[in-house]
Amino acid sequence: MTSRRQFLIATGVGLAALGTGRLGTAQEPTAGSGTGLSLIDEVVPPGQQPATRPIVVSTWRHGQAANAAAWPILRAGGRALDAVETGVRVTEADPQVMSVGYGGLPDRDGHVTLDACIMDETGNAGAVAFLQDIKHPISVARAVMEKTPHVMLAGEGARQFAVAQGFPTTDLLTPAARRTWQDWRRTSHYKPWSPGSDPARHDTISQLALDAHGNLAGACTTSGLAFKMHGRVGDSPIIGAALFVDNEVGAACATGVGEEVIKTVGSFLIVELMRQGRSPADACREAVERIVHKNPHWRELQVGYLALDRGGNVGAFALRPEFQYAVTAGPETQLIDVAHRTG
Ligand code: ASP
């Protein structure tokens with residue numbers, strides 16, 4: 001028997017050099033190398049790799065700040081659920097991130113409407129859809145999970161619930177977002193995504209964490225597609241679409257054009273593929289292929305998937321270039337360029 005700590009000291013290298021594909025994008029990153037991974041002692045049967053934990057991963061560049069907020073909780077032995085809620089709240093509050101929470105771009109009528117969901121290690125889930133005036137939809141989603149017998153509240157009912165729970169109301173439309181919307185109204189050309197378009201148009205934050213106790217959780221929060229139809233709800237509050245967590249297997253999350261993710265139940269599919277033995281990267285690739293198979297216009301769309309299994313292995317894949325994720329398994333965070341569909 002080898003302990004996890006002994007194993008890593010014996011190799012003297014980071015995760016990528018273990019040759020286990022633990023960060024399994026096609027462009028193999030070197031996360032963990034020399035980053036002083038936070039380790040916990042655990043007895044590992046011969047022939048099995050020790051789990052990488054704690055670890056936290058998030059979609060997009062702004063995932064770095066979200067990971068920085070989540071990491072101290074994980075490092076201190078805290079719960080993955082607390083880490084992901086704390087992590088994505090940073091993005092929700094950041095007016096520079098014009099695709100999530102406060103400062104998010106509005107719908108085509110000028111209303112900022114938010115979608116979010118959260119899932120814990122027991123399979124419990126909470127979500128809010130089409131929520132207005134509340135800065136932290138992820139915390140409302142958690143309250144739905146913990147304080148109601150339901151999974152999802154939407155619209156005015158979600159808002160009333162949030163207010164009753166003590167969440168303050170805020171005007172979420174910042175001057176910068178209003179200006180961008182007013183510029184857009186000159187043409188009112190609705191195009192959810194095209195290569196090279198402003199990435200701020202839709203960059204949901206989804207975050208997955210595996211804590212020191214081996215428990216997984218995930219959170220997803222967004223203002224959705226910029227200038228969407230009023231009332232449109234995307235994948236981000238839908239359990240199984242933008243987020244799925246199964247503590248026995250792993251967790252997966254999504255970003256991109258939510259309609260494609262909903263129609264292929266992407267995150268649930270990825271977790272089920274991992275249950276069948278597929279690696280996180282391979283499972284994400286297969287979920288992307290389902291979209292390609294069904295939608296002849298896939299080249300005009302972006303969808304990115306990110307997955308973390310219960311062993312701390314990370315993988316991602318995207319339809320189109322430019323998708324990135326942030327990974328933190330020690331004091332440093334790495335931003336990884338994700339492999340994408342070609343052809
Ligand atoms: N998935 C989000 C939605 O469809 C958008 C995004 O990820 O940018 O609402």
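All of these numbers come straight from a predicted model, not from anything done at the bench. Order of appearance sets the numbers: ligands from 1, and atoms from 1 within every ligand.
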The salt bridge (Lys or Arg N to Asp or Glu O under 4.0 Å) partners of Asp120 (sequence neighbours excluded) come to Arg79

By salt bridge (Lys or Arg N to Asp or Glu O under 4.0 Å), which residues pair with Arg179, not counting sequence neighbours?
-> none

Considering the heavy atoms of Gly224, write down every atom of ligand 1 situated less than 4.0 Å from one of them.
-> 9 (O)

Is ligand 1 under 4.0 Å from a heavy atom in the side chain of [X], in the backbone, in both, or in neither?
X      : value
Ser236 : side chain
Gln302 : neither
Asp203 : backbone

If you measure every N or O of [X] against every N or O of ligand 1, does any of those distances drop under 3.5 Å?
X      : result
Thr204 : yes
Gly256 : yes
Gly258 : yes
Glu259 : no

With the 4.5 Å side-chain cut-off for hydrophobic clustering, are Leu243 and Ile55 part of the same group?
->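 The answer is yes; both residues are in one hydrophobic cluster.
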
Is Ile291 reachable from Phe317 through a run of hydrophobic residues whose side-chain heavy atoms are each under 4.5 Å from the next?
-> yes

Considering only heavy atoms from C-beta outward, does the side chain of Trp298 approach that of Val303 to under 4.5 Å?
-> no

Under 3.5 Å, is there a donor-acceptor pair between the Thr113 and Asp107 side chains?
->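 Short answer, no.
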
